[in-house]
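See below for the structure under consideration.
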Amino acid sequence: MPCYAEVMEASLTRLADTGVELRHGLYQRFFAAYPERVAAFLCPDATSRRMTDETLQILYGLACEEDWVWTLVAELVATHRSYGDLPLAEYDGFVDLLVEELGQTLGAQWTPNCAAVWQRQAARLKAMIAKARADWDRVLPRTAAA
């Protein structure tokens with residue numbers, strides 16, 4: 001079996017070959033699952049591009065065991081604190097929806113091995129997000145609204 005990064009890179013190459021922008025289906029699904037978040041996206045075109053690309057890069061970076069991944073995840077979790085107390089289930093939902101949308105977009109090219117590799121990295125990312133959130137909450141506890 002090829003290494004995780006090779007499987008993911010092949011998937012991303014196949015995605016590029018489709019010409020499909022993953023973000024369109026991803027955000028349609030995300031906003032359907034979390035309609036209260038629509039108002040938080042002041043510039044959905046730019047935000048959807050950035051968040052989709054960052055998440056794909058992080059997942060691939062995890063597969064490559066890149067050192068920068070933790071720092072970026074911790075920074076993004078800190079940034080998202082300004083949007084309120086986002087439930088972990090929402091972070092998890094976004095990651096899961098991205099992997100599901102990738103699988104749907106790749107269709108028959110989305111093999112069980114490919115799905116398992118992406119889901120493994122997704123689980124690692126979700127655990128990392130939970131840790132970053134707990135760390136930030138410990139260092140900078142949220143205060144009740146006055």
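The shown structure was predicted, so the numbers you read here are calculated from the model rather than taken from an experiment.
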More than 12 foreign heavy atoms under 6.0 Å from CD of Glu21: is that the case here?
-> yes

Taking side chain as C-beta onward, heavy atoms only, is Ile58 less than 4.5 Å from Glu66?
-> no

Mind running side chain to side chain contact (heavy atoms under 4.5 Å, CB included) on Met51 and Phe94 for me, showing each step along the way?
-> CA-CA 10 Å; Met51 286 180 59; Phe94 182 83; 4.2 Å; yes

With sequence neighbours left out, what residues match Tyr91 under ring pair (Phe, Tyr, Trp, His ring centres under 6.0 Å)?
-> none

Among all residues two or more places apart in sequence or in another chain, which pass the side chain to side chain contact (heavy atoms under 4.5 Å, CB included) test with Ser48?
-> Arg23, Tyr27

Report the residues that fulfil side chain to side chain contact (heavy atoms under 4.5 Å, CB included) with Leu140, sequence neighbours left out, ordered by chain and then residue number.
-> Arg81, Trp136

Which pairs with one or both residues in residues 53-82 pass ring pair (Phe, Tyr, Trp, His ring centres under 6.0 Å), sequence neighbours excluded?
-> His80-Tyr83

Taking only distance into account, with no hydrogens and no angle test, what donor-acceptor pairs under 3.5 Å do side-chain atoms of residues 29-36 form with protein atoms, sequence neighbours excluded?
from, atom 1, to, atom 2, distance (Å)
Arg29, NH1, Glu101, OE1, 3.0
Arg29, NH1, Gln104, OE1, 3.1
Arg29, NH2, Glu100, OE1, 2.8
Tyr34, OH, Ala89, O, 3.2

With sequence neighbours left out, what residues match Asp17 under side chain to side chain contact (heavy atoms under 4.5 Å, CB included)?
-> Thr13

Should Arg49 and Asp45 count as an ion pair when the cut-off is N to O under 4.0 Å?
-> yes

Test: Arg124 and Glu65 ion pair at under 4.0 Å | yes

Between Val7 and Asn113, which heavy-atom pair has the shortest distance, and what is it?
-> CG2-ND2, 3.8 Å

Looking only at heavy atoms, what is the nearest atom pair of Ala132 and Ala74, with distance?
-> CB-CA, 3.9 Å

Would you indicate whether the side-chain heavy atoms of Thr55 and Leu125 approach each other to under 4.5 Å?
-> yes

